[in-house]
Amino acid sequence: MRILRAAGHKRMPWKNGKGETIEIAVFPEGASVDRFDWRISMAPVVSDGPFSVFPGIDRTLSILTGDGMMLSVEGMAPRVLGQKSVPFSFPGDAKTEAVLQAGPITDLNVMTRRGRFSHRLTRREQGGEIGFSADAALVILVMTGKAQISQVELGPLDAVILDDPAHSRDVRLETREACFVIEIFGPASH
């Protein structure tokens with residue numbers, strides 16, 4: 001189990017240069033935005049506009065803070081996302097436009113390189129046993145508030161990586177806040 005503190009997350013410009021992203025985890029470690037196999041990040045969105053295009057990438061988005069945004073993804077019906085919405089999956093290579101609903105938001109973004117990895121992002125209303133697939137190669141938890149796991153205190157936007165999910169089935173997350181469970185699946189587990 002690895003703890004990734006919010007203060008240590010890497011900040012960098014968006015691929016399209018129109019904002020800032022906060023990288024929580026990436027594989028291979030240190031990979032650029034053009035060369036990763038999977039990537040977990042969050043980003044403040046402060047104005048309407050286009051999303052960066054990521055050829056060959058599948059992505060899933062959820063809202064961490066704010067009143068939400070409407071996403072218009074090429075080939076799909078427009079979708080309004082809020083903090084309690086089910087995470088929304090779409091191709092990263094599709095033209096995507098965002099319209100904020102009532103001011104800035106912060107989103108959680110999970111991306112995997114199509115054909116190499118896949119993922120599932122689930123929003124949980126509170127802690128307890130962390131349910132995840134036995135096929136997951138890796139599980140990452142992102143907190144929205146204070147939490148505790150294996151007697152380790154966690155703060156808002158801290159993350160936990162369970163590198164060996166098969167041996168982490170009994171891990172319990174203690175929190176009264178929402179959290180996100182991200183499962184990364186390798187090519188052999190499709």
Side-chain angles (χ1 to χ4, degrees), residues 4 9-101 103-123 132-133 135-142 157 159 161 165 180-190:
L4 305 175
H9 298 334
K10 182 179 174 182
R11 294 177 175 270
M12 64 185 71
W14 284 351
K15 186 177 174 185
N16 68 11
K18 297 188 183 287
E20 180 183 63
T21 185
I22 302 157
E23 187 174 86
I24 297 170
V26 66
F27 179 82
E29 192 170 328
S32 70
V33 294
D34 293 318
R35 313 236 352 125
F36 65 83
D37 283 337
W38 60 258
R39 183 172 187 261
I40 298 153
S41 62
M42 55 190 159
V45 180
V46 298
S47 63
D48 300 346
F51 269 39
S52 300
V53 174
F54 287 91
I57 298 295
D58 290 321
R59 66 194 295 182
T60 303
L61 197 82
S62 199
I63 305 297
L64 291 170
T65 65
D67 290 329
M69 68 179 165
M70 182 174 67
L71 280 184
S72 296
V73 179
E74 184 177 40
M76 302 174 89
R79 181 90 159 266
V80 175
L81 298 175
Q83 288 187 45
K84 295 197 181 259
S85 297
V86 172
F88 177 56
S89 298
F90 60 100
D93 36 20
K95 181 180 174 188
T96 303
E97 295 277 335
V99 175
L100 297 170
Q101 298 299 287
I105 61 104
T106 301
D107 64 29
L108 175 65
N109 188 37
V110 180
M111 297 188 282
T112 49
R113 186 155 312 279
R114 202 173 295 130
R116 297 184 88 173
F117 287 87
S118 63
H119 66 272
R120 179 172 42 227
L121 172 60
T122 308
R123 183 183 193 282
F132 50 85
S133 171
D135 293 336
L138 189 74
V139 175
I140 300 105
L141 311 172
V142 177
L157 306 179
I161 296 181
F180 292 88
V181 178
I182 302 159
E183 298 167 276
I184 304 290
F185 301 95
S189 62
H190 292 264

Could you tell me whether the side chain of R123 and the main chain of V86 form a donor-acceptor pair under 3.5 Å? no
Is any side-chain heavy atom of L108 closer than 4.5 Å to one of I40? yes
Is it the case that the side chain of Q83 and the backbone of G68 share a donor-acceptor pair, with hydrogens and angles ignored and the cut-off at 3.5 Å? no
Would you give the length of the straight line joining atom NZ of K10 to atom CD1 of I24, rounded to the nearest 0.5 angstrom? 14.0 Å
Do the side chain of D93 and the main chain of G56 share a donor and acceptor less than 3.5 angstrom apart? yes
Within the 4.5 Å heavy-atom criterion, are F54 and M111 side-chain neighbours or not? yes
Please confirm whether the backbone N or O of L157 pairs with a side-chain atom of H9, one donor and one acceptor, at under 3.5 Å? yes
Quick one: does P28's side chain get under 4.5 Å of D37's, heavy atoms only? yes
Does R59 make a cation-pi contact with F90, if we ask for NZ or CZ under 6.0 Å from the ring centre and within 45° of the axis? no
Could you check whether any side-chain heavy atom of F180 comes within less than 4.5 Å of a side-chain heavy atom of V110, counting everything from C-beta outward? no
Spell out, as yes or no, whether a donor-acceptor pair under 3.5 Å connects the side chain of Q101 to the backbone of V80. no
Rounded to the nearest 0.5 Å, the CZ atom of R39 sits from the OG atom of S32 at a distance of 9.5 Å
